[in-house]
Amino acid sequence: MLTDTHAHLDYFENPEQIIKEAKEKNVNKIIIPGVEPCGFDKIKEIAKNNEGIYSAFGVHPSDIEKFGDDAANKMIEYLKDEKAIAVGEIGLDYYYEENLDKEKQKKGFIQQLEIAKALNKPVLIHAREAYLDTFEILKQSGVEKVIMHCFSGSLEYAKQCIKEGWYIAIGGVVTFKNAKKLKEVVYDIPLNKLMLETDCPYLAPHPFRGQENSPKYIPLIAKEIANIKDIIYDEVVEATEQNVKDFFGIEV
C-alpha cells in the first residue's frame with residue numbers, strides 16, 4: 001500500500017473517481033490539505049465518506065488575507081474531527097511580489113502553528129522562496145512533527161530540516177530531467193525521512209508532465225526515488241509507509 005500525503009481532492013469535480021483510480025494503483029491512503037476556510041466543508045465530507053481518506057485544515061500563505069479569528073475558530077472546530085490528522089497547508093510564500101505582505105504571512109503562520117501545538121497536531125508546511133523565515137519560525141514554534149511539503153529547497157536546507165527531525169515530502173517534480181537539485185536531495189536524505197505526495201491536480205510526474213495530476217501517480221514517484229537511490233521499489237514503499245505510520249499515527 002502507498003500513501004499520498006498531500007492531494008487536493010476537493011479541487012476535483014468527482015473526487016470519488018479519483019480515489020477509486022488511486023486505490024487501483026495501490027494508493028490506499030490520501031491526505032487532503034485545506035488552503036482556505038471556504039473549502040473546509042468539502043474536505044471534511046470527502047474524508048468522512050471514503051475509507052483511507054484523511055483531512056488537514058489550514059490557511060495557505062497565498063490566502064492569508066482570509067485568516068482571522070473566525071478562520072482560526074473554524075480550524076480548531078474542524079481539527080477536532082476524527083479524520084483530521086494535521087494542520088496544513090500553512091507556511092510562507094514570497095514568490096509573488098505584488099501585494100506581498102510578509103508580516104501578515106508570518107503572523108498568520110505563527111498563529112496556525114500555535115493551534116497545531118495546542119491540539120498536538122502535525123503540520124504540513126508550504127515554503128516557497130521563504131526558506132530562512134520558515135525555518136526560524138518553525139524552530140521557534142516548538143512544533144515537533146513537521147512535513148516540508150513539495151520540497152524545493154537546497155540539499156543543505158534539507159539537511160537542516162532533517163537535523164530538526166522534520167520530514168521531506170517528494171512529489172512529481174523529482175521525475176523531471178532538469179530537477180537536479182531535488183534528485184540530489186533524494187539521493188542524500190535517508191529513506192526514514194522521506195514522504196510521498198502528488199500535490200494534485202498540480203505537478204504531474206513524467207511522462208504526464210503538464211497534464212492533470214492524480215494520486216494514482218504516486219507509484220511513479222516511488223519508482224524514481226528507488227532509481228535515484230539504487231534500491232528496489234518495495235524498499236521505498238515499506239520505508240515511506242512506516243514513516244506515515246510513525247508521523248500521523250494511522251495504520252498502514
Side-chain angles (χ1 to χ4, degrees), residues 1-9 11 15 18-19 21-33 47 50 52-56 85-86 88-89 122-127 145-153 155 158 161-162 165-176 179 181-209 211-252:
M1 293 192 294
L2 289 159
T3 302
D4 186 342
T5 62
H6 201 105
H8 297 282
L9 294 183
Y11 290 8
I18 301 299
I19 293 167
E21 292 173 357
K23 291 186 175 182
E24 288 171 353
K25 296 294 185 179
N26 209 30
V27 181
N28 293 293
K29 293 180 301 303
I30 301 170
I31 299 166
I32 317 171
N50 293 277
I53 311 302
Y54 299 89
S55 59
I85 59 174
E89 79 188 82
V123 292
L124 311 177
I125 300 299
H126 175 105
K145 287 192 171 184
V146 176
I147 292 180
M148 303 303 288
H149 143 69
C150 199
F151 189 82
S152 60
L155 175 57
C161 293
I162 295 300
W166 307 340
Y167 287 75
I168 305 296
I170 305 298
V173 173
V174 76
T175 67
F176 300 171
K181 184 170 67 173
L182 186 55
K183 291 178 190 291
E184 288 176 359
V185 169
V186 168
Y187 179 80
D188 200 274
I189 296 302
L191 266 179
N192 67 357
K193 285 298 178 182
L194 294 181
M195 298 276 193
L196 306 177
E197 67 160 75
T198 58
D199 198 22
C200 68
Y202 312 111
L203 301 173
H206 176 80
F208 304 102
R209 185 175 183 177
Q211 300 178 31
E212 184 176 78
N213 201 1
S214 167
K216 67 183 177 183
Y217 295 143
I218 281 286
L220 297 176
I221 298 166
K223 287 175 183 175
E224 180 64 18
I225 291 172
N227 289 337
I228 293 169
K229 287 186 165 294
D230 195 22
I231 57 178
I232 62 171
Y233 172 78
D234 288 349
E235 191 174 345
V236 176
V237 174
E238 182 179 346
T240 53
E241 285 300 280
Q242 186 62 49
N243 295 344
V244 167
K245 182 177 182 180
D246 294 342
F247 187 87
F248 292 107
I250 56 178
E251 288 303 314
V252 297

Under the salt bridge (charged side-chain N to carboxylate O under 4.0 Å, His left out) test, residues paired with Lys23 that sit two or more places apart
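Here no residue qualifies.
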So among Ile31, Leu9, Ile30, which one has a side chain to side chain contact (heavy atoms under 4.5 Å, CB included) with Asp4?
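For Asp4, the side chain to side chain contact (heavy atoms under 4.5 Å, CB included) check succeeds only for Ile30.
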As a test of understanding, state which of Ile232, Ile231, Asn227 forms a side chain to side chain contact (heavy atoms under 4.5 Å, CB included) with Lys229.
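The option that passes is Ile231.
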Roughly how far, to the nearest 0.5 Å, is [atom2] of [Y] from [atom1] of [X]?
| X | Y | atom1 | atom2 | answer |
| --- | --- | --- | --- | --- |
| Ile225 | Leu220 | CD1 | CG | 11.5 Å |
| Asp246 | Lys145 | CG | NZ | 7.5 Å |
| Leu203 | His6 | CG | NE2 | 10.0 Å |
| Ile53 | Ile19 | CD1 | CD1 | 4.0 Å |

Backbone N or O of [Y] within a donor-acceptor pair of the [X] side chain at under 3.5 Å?
| X | Y | value |
| --- | --- | --- |
| Ser55 | Ile32 | no |
| Lys193 | Gly165 | yes |
| Asn243 | Leu191 | yes |
| Glu197 | Cys150 | yes |
| Lys183 | Val174 | yes |
| Lys216 | Val27 | no |
| Glu241 | Thr3 | yes |

Just wondering, do [Y] and [X] contact through their side chains at under 4.5 Å, heavy atoms?
| X | Y | value |
| --- | --- | --- |
| Ile18 | Pro215 | yes |
| Asn213 | Pro205 | yes |
| Cys161 | Ile168 | yes |
| Glu184 | Asp188 | no |
| Lys25 | Ile218 | no |
| Asn192 | Gln242 | no |
| Leu2 | Pro219 | yes |

Which atoms form the tightest heavy-atom contact between [X] and [Y], and what is the distance?
| X | Y | result |
| --- | --- | --- |
| Phe208 | Ala204 | O-CB, 3.4 Å |
| Ile170 | Ile221 | O-CG2, 3.7 Å |
| Pro122 | Ile85 | CD-O, 3.2 Å |
| Leu124 | Pro33 | CD1-CB, 4.2 Å |

What do you reckon, is CD of Glu21 surrounded by more than 12 foreign heavy atoms closer than 6.0 Å?
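It does: Glu21 CD has more than 12 such atoms within range.
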Could you tell me whether Tyr187 atom OH has more than 12 heavy atoms of other residues or ligands within 6.0 Å of it?
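Atom OH in Tyr187 is not crowded, with 12 or fewer foreign heavy atoms closer than 6.0 Å.
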Could you walk me through whether Tyr54 and Phe248 pass the side-chain contact (heavy atoms from CB on, under 4.5 Å) test, one step at a time?
CA-CA 10 Å; Tyr54 299 89; Phe248 292 107; over 6 Å; no
Is the distance between the ring centroids of Phe247 and Tyr167 under 6.0 Å?
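Yes.
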Check against side-chain contact (heavy atoms from CB on, under 4.5 Å), Glu224 and Ile228
CA-CA 6 Å; Glu224 180 64 18; Ile228 293 169; 3.7 Å; yes
So, using ring-ring contact (aromatic ring centres under 6.0 Å, His included) as the criterion, who are the partners of Tyr11 when residues are at least two apart?
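His8.
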